[in-house]
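Notes to accompany the following structure.
Residue numbers start from 1 in every chain, and the chains themselves are labelled A, B, ... in the order their sequence lines are given, proteins ahead of strands.
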Amino acid sequence: MAVANPSTQPLGRTLSLQAVRVLLLLVFAFPIVFMFVSSFKPDAQIFADLTSWRAFAPVGDISLDNYRGVFDRVPAGRMLMNSVGISTITVVLGIFINSLAAFALSRMQWRGQRVVLTGIIATLIVPFETFALPLVWWVNKLPWLEVQGFSLVLTDGWLDTYQVQVLPFVANAFSIFLFYQYFSSIPKELDEAARVDGASWFGIYRRIIMPLSGPAVATVAILTFLPAWNSYLWPLMVVQSEEYRPVMVGIQYFFQLNVAWGQVMAYASMITVPVLALFLAFQRAFIGSIASAGVKG
Amino acid sequence: MSETIPHAAPDTSPPSRHRATTARRQATPTAPRGRGRRRHRGETLVGLAMTTPAVVLLLVFFVVPVALMFGLAFTNARLISPRPAEFTGTENFTTLFGDSLFWASLRNTAYFAVVVVPVQAGLALVLALLVNAKVRGRNFFRTVYFLPVVTSMVVVSLLWRFIYEPDGLLNQLISAMSLGAWDGTDWLNNPSTAMPAIMLMSVWQAVGFHMVIWLAGLQTISADLYEAAALDGASGWRLFRHVTWPGLLQTRTFVLITITIAAFSLFTQISVMTQGGPLDSTTTVVFMAVRTGYEQHATGYAAAVSLVFFVIVLTISLVQRFLTREKD
């Protein structure tokens with residue numbers, strides 16, 4: 001585009017645009033850099049360094065004390081494991097269940113197909129926050145099978161469990177929609193040929209369509225993992241005991257009485273590193289998946 | 001090839017297969033149609049089986065709670081209560097519309113949306129134009145502008161809580177840059193600055209997300225259009241006004257709807273940073289609903305708040321969809 005093509009513009013304008021870009025870089029990166037750097041400093045030094053470049057550099061009294069403090073003070077290991085487990089299971093189940101539904105909707109012909117597809121798409125326009133509270137009341141009424149000693153017991157209420165943090169987020173209209181669009185772009189002749197060779201529909205799904213759908217799987221994995229790892233509102237309402245608490249809710253430990261900012265920064269860094277590492281490793285896929293989410297229009 | 005035709009137009013073909021009369025009116029040869037009809041029955045069972053897990057989960061965790069919201073809003077249900085819920089008619093709504101906290105929440109939510117939607121959408125577009133140019137390091141810029149998006153809102157809120165502390169980063173900067181003439185304020189404890197402070201942080205966190213959406217939209221505009229317009233002597237602003245802007249119509253709808261809904265769902269920042277204070281200046285509709293439903297266990301009343309919120313969000317997105325579609 002001509003507006004952006006440097007060759008058609010005076011050098012001065014190009015340089016000043018580049019200066020704007022660099023300035024914005026600082027605005028977006030520095031708070032996060034500040035967080036990591038401060039997690040290694042004692043509180044006194046964090047405040048002392050605030051007004052100079054030192055706030056953004058790991059200099060002075062550097063140690064892992066804040067991290068040790070975090071583990072002494074809160075069950076950080078447990079919360080991390082909870083979040084890893086919850087996110088992983090949500091992603092794996094989500095990929096399987098949503099792709100299976102999208103397969104049936106995009107590559108097969110059956111009665112009631114349109115009704116199911118329209119119904120699923122209709123759920124897209126309602127944000128989770130609007131029905132979160134009735135959902136809390138509802139999951140508290142749901143029965144659940146539990147092993148007690150040597151027998152299975154039907155227990156009442158899902159509050160304070162793992163499944164309540166996973167199951168409501170497995171089926172997702174948007175994931176189904178993304179798979180649906182991707183599957184629709186694969187030539188139908190492939191199914192035809194496989195049918196002639198005697199493949200079952202599930203066989204076609206498993207051996208032909210899924211192996212061809214790497215980008216769609218990656219997209220859904222990312223778009224399921226992010227909200228699962230970052231979820232806050234839901235576990236805040238349905239999880240009370242330490243045992244089942246995920247990482248984001250753990251921050252509540254740090255705001256009682258005097259805030260120890262060094263430890264806050266250490267905890268915040270710990271729960272951010274896994275996502276940032278994933279992001280930096282797969283940033284092309286990340287940005288691509290967000291973009292494909294928008295292009296659907 | 002005949003197999004691909006019904007797929008290409010799923011809106012008309014599948015039902016026509018049920019009726020021989022309509023099927024005969026279609027100009028398709030009979031041989032593949034007969035085969036298709038036979039296969040059709042088997043496919044219905046398999047198709048239903050494959051969609052069942054997703055459909056059941058959506059029924060249990062979406063349809064039921066949404067239906068319950070409508071029912072519970074007219075009862076005095078409590079989260080944990082030995083007594084069954086009783087039907088109370090429109091009592092919850094009468095209380096709600098007389099509740100000054102509800103009106104404050106609604107006002108604050110609207111204030112947040114009215115400022116954040118245009119500011120964030122506009123800034124995101126500016127960022128997208130900045131990094132769409134073929135310049136050195138544009139992928140690096142993109143990645144960094146996107147960093148706050150992958151950082152969770154909880155962490156971002158924590159971080160900015162420190163930035164906004166009375167002796168925090170922002171005030172230290174202000175005082176250093178004004179050579180001690182101005183000390184700033186206790187941003188989050190000042191009723192007139194608390195909401196703007198949260199707005200600034202929210203835009204900072206999410207603007208990268210919409211930058212990427214705009215970028216995807218920019219990619220869909222054909223380079224030929226720019227060349228043709230440039231040949232006609234258009235450049236700079238005119239090129240943007242007559243080629244870029246109309247080309248972004250679809251993207252615009254999406255960006256506006258997603259930001260508006262996100263703005264109305266404002267909760268995490270409030271919960272981590274201000275708890276609705278000072279003097280209810282940052283209470284929002286979702287925050288109020290969560291407070292009444294979860295802390296005070298008043299499920300019925302919270303359902304009424306949720307229902308009002310539901311109607312507002314639905315109305316706004318339908319109106320936006322309608323307005324942007326009309327111009328198409």
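For chain A, the nearby part of B:Ile261 is the side chain; its heavy atoms alone come within less than 4.5 Å. With a 4.5 angstrom heavy-atom cutoff, B:Glu165 touches chain A only via side-chain atoms. For B:Leu147, the parts sitting under 4.5 Å from any heavy atom of chain A are the backbone and the side chain alike. Heavy atoms of B:Leu314 lying under 4.5 Å from chain A belong exclusively to its side chain. Proximity to chain A is limited to the side chain of B:Val55, based on heavy atoms less than 4.5 angstrom apart. B:Thr299 touches chain A through its side chain: at least one heavy atom from C-beta onward sits under 4.5 Å away, while N, CA, C and O do not. Using a 4.5 Å cut-off between heavy atoms, B:Phe209 touches chain A through backbone and side chain atoms alike.
Ranked by heavy-atom pairs shorter than 4.5 Å toward chain A, the options B:Val63, B:Val64, B:Val131 are led by B:Val64. For the set B:Thr258, B:Val286, B:Thr292, B:Leu169, the count of heavy-atom pairs under 4.5 angstrom toward chain A peaks at B:Leu169. Note: A:Ala171 leads A:Gly288, A:Pro187, A:Ala171, A:Ala104 in heavy-atom pairs under 4.5 Å with chain B. Ranked by heavy-atom pairs under 4.5 Å with chain B, the list A:Thr123, A:Val249, A:Thr272, A:Leu226 is led by A:Thr123.
To the nearest 0.5 Å, atoms OG1 (B:Thr44) and CD (A:Gln113) are separated by 9.0 Å. For the atom pair CE (A:Met265) and CG (B:Leu159), the distance works out to 5.5 Å, reported to the nearest 0.5 Å.
Using cut-offs of 30° and 60° for the angle between ring planes, the B:Phe162 and A:Phe47 rings count as tilted.
At a threshold of 4.5 Å between non-hydrogen side-chain atoms, the residues B:Ser306 and A:Thr130 do not count as touching.
Partner A:Phe131 forms a ring pair (Phe, Tyr, Trp, His ring centres under 6.0 Å) with one of B:Phe62, B:Phe61, B:Phe310 and no other, that one being B:Phe62.
Using a distance-only test at 3.5 Å, with no hydrogens or angles considered, a donor-acceptor pair links the side chain of A:Trp138 to the main chain of B:Val60.
No hydrogens or angles considered: nothing links the side chains of A:Tyr232 and B:Ser152 as a donor-acceptor pair under 3.5 Å.
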